[in-house]
Amino acid sequence: MSDIEFIRSQLATHPDFPKKGIVFLDIFPILRNPIAFETLITHLTHRITSTTVFKSPTRKIDVVVGLDARGFLLGPIIALRLCAAFVPVRKRGKLPGQCVSASYEKEYGTDVFEMQADAIAPGQSVVVIDDLIATGGSAKAAGELIAKQGGKTLEYLFIIELLFLKGAAQLDAPVYSVIQSED
Ligand SMILES: O=P(O)(O)OC[C@H]1O[C@H](OP(=O)(O)OP(=O)(O)O)[C@H](O)[C@@H]1O
Ligand SMILES: Nc1ncnc2[nH]cnc12
């Protein structure tokens with residue numbers, strides 16, 4: 001079994017959660033299995049160090065941005081492995097100090113994302129990490145917050161990409177996903 005097949009085998013699906021008609025893809029069984037979690041983190045880190053980093057003028061990733069909430073489970077570990085900063089994007093009202101904000105629509109509702117205003121310096125190379133991309137609304141809002149601070153997003157990385165929702169939001173950098181789901 002390949003690493004990707006192994007990671008896929010650990011995913012759980014929950015029909016009609018959190019609303020009727022949504023098939024929820026649950027990453028927590030991956031985190032319950034240390035071998036699967038290690039395989040996932042190594043796979044994503046290898047993608048960045050073997051491919052993404054070459055889009056950076058300095059050949060370095062300065063900042064890993066993780067999206068509230070499940071991006072927080074992956075982002076800090078990957079940031080440490082890259083010797084990069086970790087910066088959280090949080091839902092409105094959770095971050096202290098001056099923040100930049102962007103609103104967005106997602107598969108099952110609307111929300112506002114915020115980032116601390118001094119979190120990224122102009123010209124820094126950034127990757128965005130989250131568990132899943134559905135409409136891309138969350139990723140797009142995160143990209144806007146990075147751009148507002150003068151950061152350059154090199155890639156958006158996910159465990160899962162819901163292909164049937166692909167293209168709903170246009171992003172300013174390529175998407176890399178470990179697993180693509182057709183439905
Ligand atoms: O591509 P999109 O349509 O924007 O959807 C993807 C987002 O939705 C989920 O988060 P959710 O907002 O459910 O928050 P949670 O992680 O706090 O549960 C998921 O973890 C992504 O962040
Ligand atoms: N179908 C889905 N499963 C898990 N997380 C999601 N976030 C948005 N859509 C989702």
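Computed from heavy atoms alone, side chains included, the values below leave out hydrogens, waters and symmetry copies. Order of listing sets the numbers, starting from 1, for every ligand and every atom in it. Keep in mind it's a predicted model, so treat the numbers as computed, not measured. For reference, positions follow the sequence shown, starting with 1.
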**Message:** Does any N or O of ligand 1 fall below 3.5 Å from an N or O anywhere on Ser138, backbone included?
**Reply:** yes
**Region of Arg70 that comes within reach of ligand 2 [heavy atoms, distance under 4.0 Å]** = side chain
**Prompt:** Does the N or O separation between Asp131 and ligand 1 drop below 3.5 Å for any pair?
**Reply:** yes
**Item:** Heavy-atom side-chain proximity of Leu157 to Arg47 below 4.5 angstrom
**Value:** yes
**Asked** According to the interplanar angle, ranging from 0 to 90°, do the rings of Phe113 and Tyr104 count as parallel (below 30°), tilted (30 to 60°) or perpendicular (above 60°)?
**Response** tilted
**Prompt:** Given Lys91, Arg70, Arg90, which one has a non-hydrogen atom that is nearest to atom 17 (O) of ligand 1?
**Reply:** Lys91
**Message:** Considering both backbone and side-chain atoms of Leu132, is one of its nitrogen or oxygen atoms within less than 3.5 Å of a nitrogen or oxygen in ligand 2?
**Reply:** no
**Prompt:** According to a 4.5 Å side-chain heavy-atom criterion applied to Ile, Leu, Val, Met, Phe, Trp and Tyr, with indirect links allowed, do Phe28 and Leu74 form part of one hydrophobic cluster?
**Reply:** yes
**Prompt:** At a non-hydrogen distance cut-off of under 4.0 Å, which region of Asp130 contacts ligand 1 (side chain, backbone, both, or neither)?
**Reply:** side chain
**Message:** Taking the ring centre of each residue, are Phe158 and Tyr176 less than 6.0 Å apart?
**Reply:** no
**Request:** Quick one: list whatever passes ring pair (Phe, Tyr, Trp, His ring centres under 6.0 Å) with Phe17, sequence neighbours left out.
**Result:** Phe24
**Asked** When only distance counts, is Glu105 in polar contact with ligand 1, meaning an N/O pair under 3.5 Å?
**Response** no
**Request:** Any atoms of ligand 1 less than 4.0 Å from a non-hydrogen atom of Ala69? List them with their elements.
**Result:** 15 (P), 16 (O), 17 (O)
**Message:** Would Leu162 count as a contact residue for ligand 2, given that I'm defining contact as a non-hydrogen atom of the residue lying under 4.0 Å from a ligand atom?
**Reply:** yes
**Prompt:** At a non-hydrogen distance cut-off of under 4.0 Å, which region of Asp131 contacts ligand 2 (side chain, backbone, both, or neither)?
**Reply:** neither
**Message:** Under 4.0 Å from a heavy atom of Leu132: which atoms of ligand 1 are those, numbered in the order shown and with their elements?
**Reply:** 6 (C), 21 (C)
**Complete:** Lys91 and Asp68 have their tightest heavy-atom pair at N-OD2, 2.9 Å
**Asked** Is the closest heavy atom of Gly136 to ligand 1 under 4.0 Å?
**Response** yes
**Message:** Ala134 versus ligand 1: do any nitrogen or oxygen atoms come within less than 3.5 Å of each other?
**Reply:** yes
**Prompt:** Do the non-hydrogen side-chain atoms of Phe6 and Ile35 ever get within less than 4.5 Å of each other?
**Reply:** yes
**Asked** If every non-hydrogen atom of Val64 is compared with every non-hydrogen atom of Gly75, which pair is closest and at what distance?
**Response** CG1-O, 3.8 Å
**Complete:** Here the atoms of ligand 2 under 4.0 Å from any heavy atom belonging to Val23 are 1 (N), 2 (C), 3 (N)
**Request:** Determine, stepwise, if the pair Leu154 / Val126 fulfils side chain to side chain contact (heavy atoms under 4.5 Å, CB included).
**Result:** CA-CA 6 Å; Leu154 303 181; Val126 181; over 6 Å; no
